[in-house]
Amino acid sequence: SQQGEEDPQALSIQEGENATMNCSYKTSINNLQWYRQNSGRGLVHLILIRSNEREKHSGRLRVTLDTSKKSSSLLITASRAADTASYFCATGSGAGKSTFGDGTTLTVKP
Amino acid sequence: DTGVSQDPRHKITKRGQNVTFRCDPISEHNRLYWYRQTLGQGPEFLTYFQNEAQLEKSRLLSDRFSAERPKGSFSTLEIQRTEQGDSAMYLCASSLAGQGRGEQYFGPGTRLTVT
């Protein structure tokens, strides 16, 4: 069974708008990672946030982590058509493997 | 700096045949992972290695599946007596253990179609 659940399952926005995706998980974690996957391609690592961190930034990406609520969010600011992809969160327990959710499909309309 | 590579990229096989996939991780990475992904789902963990030791296997990995990582470099994933339910994208990832690292870097995947 999957640990993380992304919400919403699908999101459609206009270019230039911000996109927010959420991830909830069930058990305690060591870290949480966000990945992007373009249709039929491999996953691209976006950002990793550790359990003792609350917020991280990378370019137009902002990730927050609330361990008390067992949730994380990924914000993409000033979205572009090229951001169209599926976005996955993956939780790591520190033992090696990551457990993925089923993703949010983001469509950015030009 | 080359990323994770996988071979072949696509494989079509008939039910009952055996298939083998190869993954070459990023050279300095000591951890290597195999995942399986079906359409509309996130990747599901299959197994991972630290160096040449296979440290964890998912219950998804039936006895028809075997993975090896001889010498702690490349890895192979073999599926024996393939079934139509094995059709999926098989993803390999690698990472550097320790020092608080955890980022996994994925290869492009091998798409398996069992007819």
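Quick note: numbers below take in every heavy atom, side chains included, and nothing from hydrogens, waters or symmetry partners. Here is how names work: the chains are called A, B, and so on, in the same order as the sequence lines, proteins then strands, and each is numbered from 1. As the structure is a prediction and not an experimental result, all values here were calculated from the model.
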Can you tell me how far the CG atom of B:Leu55 sits from the NZ atom of A:Lys97, to the nearest 0.5 Å?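 These two atoms lie 12.5 Å from each other.
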
Roughly how far, to the nearest 0.5 Å, is CD1 of A:Ile47 from CD of B:Glu103?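 Interatomic distance, B:Glu103 CD to A:Ile47 CD1, rounded to 0.5 Å: 10.0 Å.
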
Flag, side chain of A:Asp102 to backbone of B:Gln41, donor-acceptor distance under 3.5 Å: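 It does not hold such a pair.
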
Is the number of heavy atoms from other residues, nucleotides or ligands under 6.0 Å of [X] [atom1] greater than 12?
| X | atom1 | result |
| --- | --- | --- |
| A:Leu75 | CG | yes |
| B:Arg15 | CZ | no |
| A:Glu55 | CD | yes |
| A:Lys56 | NZ | yes |
| A:Arg80 | CZ | no |
| B:Glu68 | CD | no |

Portion of B:Arg111 that has a non-hydrogen atom of chain A nearer than 4.5 angstrom: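 B:Arg111 touches chain A through side-chain heavy atoms alone.
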
Relative to chain A, which segment of B:Gln6 carries a heavy atom at a distance below 4.5 Å: side chain, backbone, both, or neither?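 Contact with chain A: none, neither part.
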
Member of A:Tyr35, A:Phe100, A:Phe88 meeting the ring-ring contact (aromatic ring centres under 6.0 Å, His included) criterion with B:Tyr35: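 Looking at A:Tyr35, A:Phe100, A:Phe88, the match for B:Tyr35 under the ring-ring contact (aromatic ring centres under 6.0 Å, His included) is A:Phe100.
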
Chain B contact via A:Glu6 - side chain, backbone, both or neither, heavy atoms under 4.5 Å: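 Neither part; nothing is under 4.5 Å.
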
Check whether B:Phe74 and B:Phe49 end up in the same hydrophobic cluster, where Ile, Leu, Val, Met, Phe, Trp and Tyr are linked by side-chain heavy atoms less than 4.5 Å apart.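 No; tracing contacts between hydrophobic side chains, which count when under 4.5 Å, never links both residues.
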
Does the side chain of A:Arg41 reach to within under 4.5 Å of the side chain of B:Pro108, using non-hydrogen atoms?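 A:Arg41 does not reach B:Pro108 side chain to side chain.
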
Minimum side-chain heavy-atom gap A:His45-B:Gln104 below 4.5 Å: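 They are not in side-chain contact.
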
